[in-house]
Structures are given as C-alpha cells and as structure tokens.
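One-based numbering along the sequence shown. Counting starts at 1 for both ligands and their atoms, in listed order.
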Amino acid sequence: MKGFTVLPTALAALGIFRSAFAFNAPPGVLTWCGKAYEPTNASFNPGGQFNYPKPQSAALLYVTVEPRYSIFLESDGGGSFIVNAPISYIFGQSFNNVTYTNTDGGKRTLVPGPFTTLAIDIMVEDTGMLLVSDFVDVNSTGSLFSFSFSGLKARDKPYSISLYGTSLDGYQSYSATTEIYILPDRTDGGSAVKIDNLYGGLWVQNKKNNWSGWYAVYPSGFYTDANYIFQSPDNLYAYQDAGMTSINLVPDDTTFDYTTLDQYWDMMDEINLLNLYDMRYTYTNTTSVTEQVNMFKNRTTLLMWYTGDEPDGAGDALNSTKLAYKAIKAIDPYHPVSLVLNCANFYFKDYAAGADILFEDAYPVGINATWSKPFDTPCNATYGDCGCDECVGELEDVSNRLDTFAAYQAALETPSKPLWSVLQGFGGDGYWNTVPSEAEFLAMIMLSINHNAKGLSSWWYPSSAPIQTIMGTIGKILQASPVIDFVYGTNPVSKLAVKNGPLLDVASWTVGSQMMVGIANGNVVATNQEVTITLPATVTSVNTTVYGNANWAVSDGKLQKKGLDGLEADILIVNIAS
Ligand SMILES: *[C@@H]1O[C@H](CO)[C@@H](O)[C@H](O)[C@H]1NC(C)=O
Ligand SMILES: *[C@@H]1O[C@H](CO)[C@@H](O)[C@H](O)[C@H]1NC(C)=O
Ligand SMILES: *[C@@H]1O[C@H](CO)[C@@H](O)[C@H](O)[C@H]1NC(C)=O
Ligand SMILES: *[C@@H]1O[C@H](CO)[C@@H](O)[C@H](O)[C@H]1NC(C)=O
Ligand SMILES: *[C@@H]1O[C@H](CO)[C@@H](O)[C@H](O)[C@H]1NC(C)=O
Ligand SMILES: *[C@@H]1O[C@H](CO)[C@@H](O)[C@H](O)[C@H]1NC(C)=O
Ligand SMILES: *[C@@H]1O[C@H](CO)[C@@H](O)[C@H](O)[C@H]1NC(C)=O
Ligand SMILES: *[C@@H]1O[C@H](CO)[C@@H](O)[C@H](O)[C@H]1NC(C)=O
Ligand SMILES: *[C@@H]1O[C@H](CO)[C@@H](O)[C@H](O)[C@H]1NC(C)=O
Ligand SMILES: *[C@@H]1O[C@H](CO)[C@@H](O)[C@H](O)[C@H]1NC(C)=O
C-alpha cells in the first residue's frame, strides 16, 4: 500500500486508497485484492485466482521465438533472436520422436530415427525476407541466431516476424511469431532503454555514453517524496551520492508541478540520475498519459514509465494497465513500461499484461499476517487485509512472492517479464509496527537478488538513515563489475542445498570459470555450527568476498564456514573446476 506521508497511517491510507467496489463484491463492500476487509462485511470468493493449465500426457514441442532485446536501434547494425524448443506437456504442437532419413540414397529406403534436430527459418512476415535459416536442437532453450538489418528500414512500428520449423524429413512442422523493433537512432537528446529478453537486464543508450553502444544499469533506488526532493538540489544530489542509480519521483497530487519538475529533471540529466516516471494517479486516463509521455519522452534520464501502483489491490479495471501500455507504446517505443502488483493471486494475467517489467511489493516487517490490526478481522485467501496479501510475516515473503510471480509467468503462453522487488523502507503505524532494521532490509535485498530480481526500489524516501545507506552501498556493488557481469550475464540457480542453515537462502550465477554466490540468512539468531553449501559446480577457491563475511572457505568442492550471523548477507565470487 502506498500513502502520501513518510509513514502512512492506516487511516489516511485507507480513506484514500482502499476503496474499490468491484468484481465479486456485493454493492457497498470495500475490497482490497478483491476481498472484503471491513468487519461489518462477510467473506466471499474474490475470484481472479491464477489458473494453472493442466499438463497433458503426450509430449509437445513448444517452439518460441523472441528478439534478444526489446528494442534494437538502427546503429546496432544487426540483432539476434532467442529460439526455445523445449519438450512441454502444456504448450506447443504435437511431437512424434521420429525422423526418417534416406540412408541408402538410390534405393529410397526411409529409415526411422529419433527426432533430434529442427530446421528453422525466421522471416519478416509482410515481405517474406529471410533473416535466419539454421538448426536448433529438440528440447533446447536459449539458442541465439543473429541477423543483419540490411534491407530492414528503421521505423517506429515493429516488424512482425514468423518462425517456421520442420523435422529434417519435413513430416512435422511448427510455427511461432514475434515482433521486433528496429528504431531510428535518437537525435533529439532522449534515451533508449532496452530489456535483455534472455537474462532480464536493462541496457541504456543516452547522453552519458554519447549515444554510442549500450551500458548496463542495475536500477536501485526509492520511491521518493517529490516535494522533499524539490526542497533543494542538495536533496537530489545527496540521494545520488548515497549510491542510488535510479529514482521514482512520486507526485503528492494527481500530477507534478511541471515547472519545478523540469528544473529538477534538468539537474537529473546533468548527473545521469535515471527516473521512473510515475503516472500512478493518471494512468487510467489515456489522454493524460499521452500528454505526459509527450512531455518527457525526450529526456536523457528517462529510464521507464511507471503506470499502475497496485492496480490489483485497488481493483482497477482489468484492461486498465494494457490500455495505458498501448497509449504509451504508440508514441514512445524507446522505453519500457513498469507497474507494481500487490496481491498474491488476483487477476495476475490481466494486470501483468500492461507492462514490460513487473514489480512485487510484499511488505512483511512488523505485520500480523493473519489478523488485521486496523480492522480486527482474520486474513486469509478470501477475507481481510493485513498489509501483505497472503503473507506469513517473514522476510521470505519477499522471495516467495518473486517465485510465485515467476511461476505464474512460466505457466502463461507469453514470454516472462523481468521482475523487480519493492522493499519495505517504512513502518511504525497501521499494518506495520516497525521500520525494518538495516539487517532486515539488507536480507530482503539479498533474498530479492537471489530470486532473480533485476531491479530494486523501496517505498519510501526519506527513510531511516541505515536503510538509505545500505540501499546505496548495495546499489553501487550491483552496478559495478564483477557483480553486474554475473547478474546480467545469466539467470541464477536459486534455493541451493545447505547443511546446518535451515533458513539460509543461497543462489549462484555461473559465467565462464567463475560463479557468483549470493547468501542470505533468514534467521535472526546467530548459530555456530559448521555450515556447508553445495553449489552446481565444484568450487576450487574463493576469488573475492564482494560483500559480507570473509570467512567462507572451500572444502571438498563446497563452501564451508563455522557459524552464521543473524540475518547475515554475503556476496562471493568463487573459482570453479571446468
Ligand atoms: C459492508 O460494511 C459497510 C460498512 O460498515 C456497510 O455499510 C454495508 O452495509 C456492508 N455491506 C454488506 C453487504 O454487508
Ligand atoms: C527421442 O528418442 C531418443 C532415442 O530413443 C532419445 O534419446 C531422446 O531423448 C528422445 N527425445 C525426446 C525429446 O523424447
Ligand atoms: C528435456 O530437457 C529437460 C531440461 O533440460 C530435461 O529435464 C528433460 O529430461 C528433457 N526431456 C527429454 C525427453 O529429453
Ligand atoms: C559524440 O558523438 C558524436 C557523433 O558521433 C561526435 O561527433 C562527438 O564528437 C561525440 N562527443 C563526444 C564527447 O565524444
Ligand atoms: C483526463 O486527462 C485530461 C488531460 O489532462 C483532462 O483534461 C481530463 O479532465 C481527464 N479526465 C478525467 C476523467 O479526469
Ligand atoms: C521530442 O523530440 C521530437 C523529435 O524527435 C520533437 O518533435 C518534440 O517536439 C520533442 N518534444 C519535446 C517535449 O521536446
Ligand atoms: C475496459 O473495461 C471497462 C470495465 O470493464 C469497460 O467499461 C471498457 O469499455 C473497457 N475499455 C476498452 C477500451 O475495452
Ligand atoms: C496476530 O493477532 C492475533 C489476534 O490478536 C494474535 O493472537 C496473534 O498472536 C498475532 N500474531 C502475531 C504474529 O503478532
Ligand atoms: C476467511 O475468514 C473468514 C472470516 O472468518 C471465513 O468466513 C472464511 O471462510 C475464511 N476463508 C478461508 C478460505 O479460510
Ligand atoms: C579473481 O578473478 C579475477 C578475474 O577473473 C582474476 O583476475 C584474479 O586473478 C582472481 N584472483 C584469485 C585470487 O583467484
């Protein structure tokens, strides 16, 4: 839930935000995530639960094609496609594990063998122009095929792309489609921002690199009180000096005072502080969205657009996020669109359809997950509002929510979008008894990174000094080598096996002959047992302790350490056996 004040009081926030009359609710019943929460109203089924498709018994071949990046620029010269061809029991086209080959040519005898290779052609739909003609292994994912832009004019409109795949005997065929943007280079001072569809990272081209090539940005920052920032340029500079790479200025009313915003945005352009432009109060008004996008789309530090702020909680129309998305893309194809979802399980597919990047904002610190403090009711899957929807009230709610959203996405027939975490940087009132401690905040950051968050934001700035400091400290580490090379160079393997660390969450990222290891202890109590972590490869030595405890050692190809601090968080680079 988002409020106007630094520490939103339940009542202020309730009066303003938790006021939807929608979906299955009887008339006059206020809801959050579709559920009644006032003690005077009864529980009912809110609906909108995610529908996991049922696997079928026969194997299917699920061929998909996607551009490597959400946009290409003319000056890139060429691009690449990601082709996946996994065996699936949910999506895809029928698959028979037989291909005939003509072994003794002259006699035309066809000999059956396994179907292991798919021949693919990738072409531009309207012209039939062939971009790729190649082969992909059956049951493989993440194959890359490059193509040149020669003959493809840069334009604002995407090109429709088709893939045709056949078994080598031509008897079995498959098809898939996608769109690619090949955009004119920016000559108006604006930025271009692309999403890596393979590993989820963000890459920017703007004034900072003189519009030459792309640089990686791991966004880390806060939703900030724009009125606080606008009190003095010093507030803006102090924010960036702390280490934050991105900012989300939140207007205190429907829109900004554009004169002040322009002054401050000029300063942000000078220091390359990247903004998530926030349209939370206006995103359902496409006229207003169009006006705002036209005003700011040429800013060199525009990172992305931000539309719905918990549209699922508020019960906004199911088409609202998609309508805003379309309005934005029609006039600005150069930037991603983002939004945050607050509910655990309420019309995920519909609300998520209106974004390129999805945020989760489970706030677990200081809550009572099963009893609503402001309303004195139970909270469960059909009733009540405890400030963190269907949470357990532990730090792991953050990583669990990332995993839940990842599982929803994997069960949809659309490509998965990068996920970000919005971390609790407030508390002390309403649903939340306390502001997280520095260690709790850090643990939530590590849990997020370990569970594949590709960006971090926190509600709310100004926060406590320790929270601001730790966000900046980790923000700087994430933005620099070697960490960004791992986090943007692959996807993590999460939930690795740990001995003697029941709440120790560990993930690894392997790039070349090294692995980054992220370690987050969810236990507040220190222990002194010998802890062993088994990684997906044999570790030969610790290369660097990038952050945290430097006592991890290698034993028998595993990481080992005597004892864990409460809420310990470590980032290591290790060398692995080839
Ligand atoms: C829900 O609670 C409100 C506020 O107390 C009350 O006015 C309304 O009649 C209740 N509606 C139902 C259907 O229970
Ligand atoms: C196809 O059959 C071969 C030979 O039996 C087997 O190795 C392979 O795993 C099978 N492939 C699939 C996708 O079932
Ligand atoms: C397909 O690949 C997956 C993931 O690598 C593997 O678990 C599965 O056994 C493979 N299936 C077949 C039929 O080869
Ligand atoms: C930026 O790029 C332009 C066009 O390539 C070039 O003329 C200019 O010298 C570059 N400026 C800097 C500061 O590198
Ligand atoms: C939508 O935005 C436009 C442009 O800012 C404004 O004129 C109009 O009043 C808004 N509509 C509503 C219903 O708020
Ligand atoms: C943005 O740049 C375009 C040209 O690319 C120009 O037509 C438009 O006026 C500019 N908008 C602003 C607000 O500067
Ligand atoms: C969006 O949904 C609302 C509410 O269901 C509906 O009234 C409206 O017509 C829809 N708008 C469009 C453009 O589909
Ligand atoms: C939540 O509130 C209920 C009811 O007041 C209480 O019994 C329970 O102990 C509380 N749980 C926590 C974790 O505070
Ligand atoms: C949730 O709590 C309400 C109120 O106690 C109860 O009526 C309802 O059956 C509960 N729902 C579930 C799914 O347990
Ligand atoms: C750590 O890794 C870096 C980068 O690969 C390498 O240059 C350095 O020699 C390694 N140091 C140790 C102690 O392994």
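When side chains are defined from C-beta on, D312 does not count as touching F348, because their heavy atoms never get closer than 4.5 Å.
Remark: atom 11 (N) of ligand 7 lies closer than 4.0 Å to at least one protein heavy atom. Note that atom 14 (O) of ligand 7 has protein non-hydrogen atoms nearby, at separations under 4.0 angstrom. Within a 4.0 Å radius of atom 5 (O) of ligand 6, the protein contributes one or more non-hydrogen atoms.
Listed by atom number, the atoms of ligand 6 under 4.0 Å from M295 heavy atoms are 13 (C). Close contacts of ligand 6 with N294, meaning ligand atoms under 4.0 Å from a residue heavy atom, involve 13 (C). Atoms of ligand 3 found under 4.0 Å from any heavy atom of N139 (numbered from 1 in listed order, with element): 1 (C), 2 (O), 3 (C), 8 (C), 10 (C), 11 (N), 12 (C), 14 (O). If you number the atoms of ligand 6 from 1 as listed, the ones under 4.0 Å from a heavy atom of D188 come out as 2 (O), 4 (C), 5 (O).
By the 3.5 Å distance cut-off applied to N or O atoms, K297 is not counted among the residues near ligand 6.
Of the candidates L273, T245, I247, Q240 forms a side chain to side chain contact (heavy atoms under 4.5 Å, CB included) with just one, namely L273.
Taking the charged nitrogens against the carboxylate oxygens, R299 and D262 do have a contact shorter than 4.0 Å, which makes a salt bridge. Classification of R280 and D309 as a salt-bridged pair holds, one side-chain N sitting under 4.0 Å from a carboxylate O. With respect to D196 and K454, no salt bridge is recorded, no charged nitrogen being found less than 4.0 Å from a carboxylate O.
Between F359 and Y223, the distance from one ring center to the other does not fall under 6.0 angstrom. Two rings, from F256 and Y277, have their centers less than 6.0 Å apart.
Nearest non-hydrogen protein atom to atom 1 (C) of ligand 6 is N298 ND2, 1.4 Å. For atom 8 (C) of ligand 7, the closest non-hydrogen atom on the protein side is N319 ND2, 3.8 Å.
Between atom CG of residue N342 and atom CD of residue E360 there is a gap of 9.5 Å, rounded to the nearest 0.5 Å.
The closest approach between a heavy atom of T187 and any atom of ligand 6 is not below 4.0 Å.
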